[in-house]
Amino acid sequence: MSRDTIFALSTVPGRSGVAVIRISGPEARGALAALTPGDPVPADRRARLRQLKDPEFGPGFGDVIDQALVLGFAGPRSFSGEDMVEIHCHGGRAVVDRLLSVLSRMPGLRPAEPGEFTRRAFDNGKLDLTEVEGLADLIDAETAAQHRQALRQMDGALGRLYDGWRQTLSRALAYAEADLDFPDEDLPEGITDTIAPTLAGIGSSIRAHLADARRGERVRSGLEIAVLGRPNAGKSSLVNLLAQRDAAIVSAVAGTTRDVVEVHLDLGGYAVVVADTAGMREIGDEVELEGVRRARLRADSADLRVLVVDAADLDAAGGLPDDLAELCSRDTVVAVNKIDRLVGPVTLSAIEGPAIGVSAVSGAGISDLVEMLVSMVRDRLSGDGGPPLTRARHRDALAECADALDRAMAAPLPELAAEDVRLAVRALGRVTGRVDVEDILDIVFRDFCIGK
Ligand code: GDP
């Protein structure tokens, strides 16, 4: 199969010390030879300093483009599995633009589509789909936990787990089919005793893997923490303070109305999304009511809640008034705010569950609050050691697989059981991209940008 040779700037466009242009395909080495007339193309996997020239200009007539480090990888021992060339040139706009335009004029070469290098790596069996997704996550990783998880997935841990299940099921399927072809009169109707334990075992492994509280997905997208409380309790002040201290990712994004403001933070190495909800109060105009409704929804669906309470609103015994107490659950931390206004120390003993005295103005207690939140986040996101599934795509396919296995085990006829095992194998194959994948490839590669 002859393919176009593709090229792209693989580093961020703009001004930089060095920029990397990658070329992949049958003409990759030829393109490098054309850019470096008179110089030998370096041996496989050897970097050489070369003067890059525009072949359309004569020597001394503006032909020199740059001094660059060039290296080639002969397929299949390359990222894409094809012949590849990397040009590490200087990252000035004019240099890069000129090089890209020279490459685009060469016969057989064209600019790469987004994700096309990785797509070729997949097509050539260099990566399975979970590894492709791990690579995308590695490039997007902003926190230490996202980084760890992506590395692991890119390393193939998830793919190996799923592929192991798929292979075992494929063997069971072969048994079931042999049984259909050579029926043994002594066998009971339904699936044979030999494969039933295998199906049951894999079914329960998959169910256990699915029951992970969406750990991997949450590491990727950020654990949700809703900040709630009465108006003027100090929610916004507290969120702003957290953002200033720990905002490693992005700043506040205003919601559509007066409802929810989100701040993405790196909390102890974990991505969290802190949502500052509008004050929980029943009165107000229509917009405000809608804000309150959304805030409630948001707080209900959040993974953790911080209930901000003005210290002045605590009852005489230091307990929460009823309207606030009913907002508490196992996932709620009570932040008793404005302790700077108290004459004596704050008493928290009358509050059920984790509580901490803070001041969004003086900063008192904030590091303890952060520490408490980090440990709660860690409890929810650190796992038992197995690679976590990281996408709804995996979840859907695995659930489909487990359902098919349940049906196979309950099937009244061996033919029906075999068909369900076949569906189960196919569902697993879709996660790693072993079978039947055309329809999902576009989904996986959609998020890639050019040059990857
Ligand atoms: P929200 O409506 O819950 O978001 O409350 P805000 O953050 O807007 O705060 C309401 C008012 O309380 C503002 O005037 C803040 O300056 C004040 N405030 C917030 N936190 C503290 C605090 O810890 N101590 C004191 N003294 N005032 C605070």
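Remember, it's 1-based here, ligands and their atoms both numbered in the order they're listed.
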Note to self: Are any of the N/O atoms on V358, whether in the backbone or the side chain, positioned under 3.5 angstrom from an N/O atom of ligand 1?
What the structure shows: no

### Message
Checking the N or O distance criterion of under 3.5 Å, is ligand 1 in contact with N337?
### Response
yes

Inset, instruction - For K126 and T118, indicate whether the former's side chain and the latter's backbone hold a donor-acceptor pair under 3.5 Å. - result: no

Quick check: G234 and ligand 1, any N/O pair under 3.5 Å apart? yes

Minimal heavy-atom distance between N337 and A360, with the atoms involved, is OD1-N, 3.0 Å

K235 heavy atoms within 4.0 Å reach ligand 1 at atoms 1 (P), 2 (O), 3 (O), 4 (O), 5 (O), 7 (O)

Practice prompt. Taking the side chain as every heavy atom from C-beta outward, state whether D315 and L320 have any pair of such atoms under 4.5 Å apart.
Written response: no

N or O pair under 3.5 Å between L238 and ligand 1: no

Worksheet item: Are D4 and L109 side-chain neighbours, meaning at least one heavy-atom pair lies under 4.5 Å?
Response: no

Short version for N232: what comes under 4.0 Å of ligand 1, heavy atoms counted, is both

Note: ligand 1 atoms sitting under 4.0 Å from heavy atoms of R341 are 26 (N), 27 (N)

R230 heavy atoms within 4.0 Å reach ligand 1 at atoms 3 (O)

Say whether G229 and ligand 1 are in contact under the criterion: heavy-atom distance to a ligand atom below 4.0 Å.
no

When D212, T390, D303 are each screened for side chain to side chain donor-acceptor pair (under 3.5 Å) with R218, the one that passes is D303

Enclosure of R45 CZ (heavy-atom neighbours >12, cutoff 6.0 Å):
yes

Discussion item. For a 4.5 angstrom cut-off between non-hydrogen side-chain atoms, does V336 reach V308?
Written reply: no

